[in-house]
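A short worksheet on the structure shown next.
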Amino acid sequence: MKIVFDPSCLTYQQSGHPESPRRVKLAYDYLQSKGETIAPEPATETDILTVHSPYHLETVRNGWYMDIDTPALPFMFDHALKSVGGALTAMRLALDGQQAISLMRPPGHHAGRDYLGGFCYFNNVAIATARALEQVGKVAIIDFDCHHGNGTEDIFRGDERVVYLSLHQSPFYPGTGLRSDGNIINYPLGDGTDDTSWLAALDDGLTKIRAWGPDLIAASAGFDSYEKDRFSFHMLRLETFERVGEKIAALGRPVFSVLEGGYSDEVGRCVEVYMRGLATR
């Protein structure tokens with residue numbers, strides 16, 4: 001297993017903000033002995049412009065925004081470029097036959113072509129997917145964060161080369177993902193959703209992805225549906241994330257994963273068992 005990580009992503013924070021260095025360090029501490037750590041190079045502006053507008057690039061570069069959830073902290077542009085670089089590195093490793101996950105922060109799936117929000121500045125998994133499409137024909141994005149990846153959906157809606165599958169709590173932030181349409185497969189799941197119901201939705205979605213036949217799987221790996229996470233009302237047990245990894249691995253395609261949410265003290269264990277499941281391929 002390849003763990004894409006650079007400790008520089010632990011050097012920024014805002015007091016009281018849930019997207020903290022600690023959660024990523026917890027994940028890395030659990031995984032570092034399980035594989036090789038690879039530090040990513042920052043993404044280029046050309047990479048960013050594969051899915052974002054020039055105006056959005058300049059907005060992040062210059063801090064032209066005021067968002068409590070997504071603050072304009074010093075050097076945030078540089079941190080965001082490095083996080084995108086983590087997703088790109090994981091993608092390239094996957095295409096080379098390696099099992100890879102990026103643990104870089106900030107996360108990305110709420111960032112759309114022209115907007116940021118929800119702790120996300122640039123859309124890491126979307127940029128890596130766009131770059132992957134220069135080498136493969138079809139990519140399936142599987143997003144199992146408890147928040148709908150509105151940015152990812154907006155970026156790829158109508159793109160026949162991409163299928164976006166999301167399982168998320170609803171009603172909940174950001175209030176999107178209420179229906180499926182074309183290449184978008186959404187499963188809005190209510191408060192208190194348990195393992196059985198959640199996994200049934202995942203199985204249904206993966207059946208559709210298997211029939212579509214992707215060349216590569218990109219996982220927006222969020223662990224805030226865990227029963228002990230304070231930011232959702234889903235009730236997934238720890239072992240469920242191992243099942244998620246196993247089911248994605250059973251698609252028989254290269255997989256790269258990018259960390260999204262996950263805010264409990266056990267986020268590291270959640271990531272570890274998910275990667276263990278993926279290793280069954």
Between D191 (side chain only) and F233 (backbone N and O only), is there a donor and an acceptor less than 3.5 Å apart?
no
Run through D229, V244, V271, V273 and flag the one making a side chain to side chain contact (heavy atoms under 4.5 Å, CB included) with F223.
V271
Would you say the side chain of E227 lies within less than 4.5 Å of the side chain of T240, judging by non-hydrogen atoms?
no
Within a reach of under 6.0 Å around OH of Y65, are more than 12 heavy atoms found that belong to other residues, nucleotides or ligands?
yes
R161 (side chain) donor-acceptor with L133 (main chain) under 3.5 angstrom
no
So which heavy atom on A100 is nearest to which on A90, and how close?
CB-O, 3.7 Å
Is Y164 reaching over with its side chain to a backbone N or O of G149, donor-acceptor style, under 3.5 angstrom?
yes
Going by side chain to side chain donor-acceptor pair (under 3.5 Å), H148 matches just one of E153, H168, H109. Which one?
E153
Apply salt bridge (charged side-chain N to carboxylate O under 4.0 Å, His left out) to the pair D154 and R113, showing each step before the final yes or no.
CA-CA 8 Å; D154 288 349; R113 174 172 170 76; over 6 Å; no
Taking C-beta and beyond as the side chain, do Q99 and K2 meet within less than 4.5 Å on heavy atoms?
no
How close do L31 and I101 get, heavy atom to heavy atom, and via which atoms?
CD1-CG2, 4.1 Å
Within the side chain of R179, is there an N or O that forms a donor-acceptor pair under 3.5 Å with the backbone of N186?
no
Any donor-acceptor pair under 3.5 Å linking the side chain of D224 with the backbone of C146?
yes
Close side-chain approach of P214 to V163, heavy-atom, < 4.5 Å:
no
Student check: side-chain heavy atoms of F172 and S232 closer than 4.5 Å
yes
Please check if the distance between the ring centroids of Y173 and F231 is under 6.0 Å.
no
When you measure from the side chain of T193 to the backbone N and O of G190, does any donor-acceptor pair fall under 3.5 Å?
yes
Treating N62 as the side-chain partner and E58 as the backbone partner, does any N or O pair qualify as donor plus acceptor under 3.5 Å?
yes
Between the main-chain N or O of D203 and the side-chain N or O of T207, is there a donor-acceptor pair closer than 3.5 Å?
yes
V4 side chain reached by L103 side chain, heavy atoms, under 4.5 Å
no
Test of understanding: clusters of I, L, V, M, F, W, Y form through side-chain heavy atoms closer than 4.5 Å, transitively. Do F5 and L278 belong to the same one?
yes
Are the side chains of Y226 and F241 in contact, using a 4.5 Å heavy-atom criterion?
yes
Run H17 and I68 through side chain to side chain contact (heavy atoms under 4.5 Å, CB included) and show every step you take.
CA-CA 9 Å; H17 199 294; I68 293 174; over 6 Å; no
Rounded to the nearest 0.5 Å, how far apart are CG of N123 and OG1 of T129?
8.0 Å
Linking I/L/V/M/F/W/Y whenever any side-chain heavy atoms sit under 4.5 Å apart, do I38 and V84 land together?
no
Counting C-beta onward and ignoring hydrogens, is there a side-chain heavy-atom pair between D215 and V139 closer than 4.5 Å?
no
Minimum-distance pair of heavy atoms, taken over all atoms of L216 and A132:
CD2-CB, 3.6 Å
Do D265 and K228 meet the salt-bridge criterion of a basic N to acidic O distance under 4.0 Å?
no
Any donor-acceptor pair under 3.5 Å from D67 side chain to G117 backbone:
no
Would you check if the distance from the ring center of Y115 to the ring center of H110 is below 6.0 Å?
no
Grab the two heavy atoms, one from L88 and one from A43, that are nearest each other, plus how far apart they are.
CD1-CB, 4.0 Å
Donor + acceptor pair across side chains of D47, T44 (<3.5 Å)
yes
Take E266 and R269 through the salt bridge (charged side-chain N to carboxylate O under 4.0 Å, His left out) test and state the conclusion after the steps.
CA-CA 5 Å; E266 296 184 34; R269 296 181 65 201; 3.1 Å; yes
I would like to know whether K82 and D78 meet salt bridge (charged side-chain N to carboxylate O under 4.0 Å, His left out); could you show each step before the answer?
CA-CA 6 Å; K82 185 68 76 74; D78 298 317; over 6 Å; no
Working for side chain to side chain contact (heavy atoms under 4.5 Å, CB included), residues S170 and L178
CA-CA 8 Å; S170 181; L178 302 181; 3.3 Å; yes
Within this structure, what is the CZ-CG distance for the pair R22 and L10, rounded to the nearest 0.5 Å?
12.5 Å
Are L95 and Q135 packed together at the side-chain level, in the sense that at least one heavy-atom pair is separated by less than 4.5 angstrom?
yes
Could you go through the side-chain hydrogen bond (donor to acceptor under 3.5 Å, both in side chains) check for S53 and D114 one step at a time?
CA-CA 6 Å; S53 68; D114 293 300; 2.5 Å; yes
Where do A128 and A87 come nearest, in terms of heavy atoms and distance?
CB-O, 3.7 Å
Under 3.5 Å, side chain of D181 to main-chain N/O of I184, donor-acceptor pair present?
no
Give me the ring orientation class for W64 and Y55: parallel if the planes are under 30° apart, tilted from 30 to 60°, perpendicular past 60°.
tilted
Give me the one residue out of F122, F119, Y12 that meets side chain to side chain contact (heavy atoms under 4.5 Å, CB included) with P106.
Y12
Nearest heavy-atom neighbours spanning D145 and D143:
N-OD1, 3.1 Å
To the nearest 0.5 Å, atom CZ of R253 lies from atom NZ of K138 at 9.0 Å
Determine whether I248 and V125 fall in the same hydrophobic cluster, where Ile, Leu, Val, Met, Phe, Trp and Tyr are linked whenever their side-chain heavy atoms lie under 4.5 Å apart.
no
With a sphere of 6.0 Å drawn around CD of E160, does it hold more than 12 non-hydrogen atoms of other residues, nucleotides or ligands?
no
Run the salt bridge (charged side-chain N to carboxylate O under 4.0 Å, His left out) check on R243 and E239 step by step: do they pass?
CA-CA 7 Å; R243 298 285 306 281; E239 55 266 32; over 6 Å; no
Decide yes or no on side chain to side chain contact (heavy atoms under 4.5 Å, CB included) for L189 and H234, but give the supporting numbers first.
CA-CA 9 Å; L189 304 168; H234 281 176; 3.7 Å; yes
Crowding at NZ, K25 (>12 non-hydrogen neighbours, <6.0 Å):
no
Are a donor atom and an acceptor atom from the side chains of N124 and S102 found within less than 3.5 Å of each other?
no
Are F156 and M91 connected in a single hydrophobic cluster, I mean Ile/Leu/Val/Met/Phe/Trp/Tyr linked by side-chain heavy atoms less than 4.5 Å apart?
yes
Side-chain donor-acceptor pair under 3.5 Å between S8 and D6, yes or no?
yes
Are there over 12 heavy-atom neighbours, none belonging to E41, within less than 6.0 Å of that residue's CD?
no
Please determine whether residues L236 and F144 belong to a single hydrophobic cluster, defined as Ile, Leu, Val, Met, Phe, Trp and Tyr linked transitively by side-chain heavy-atom distances below 4.5 Å.
yes
T280 side chain to E246 side chain, donor-acceptor N/O pair below 3.5 angstrom:
no
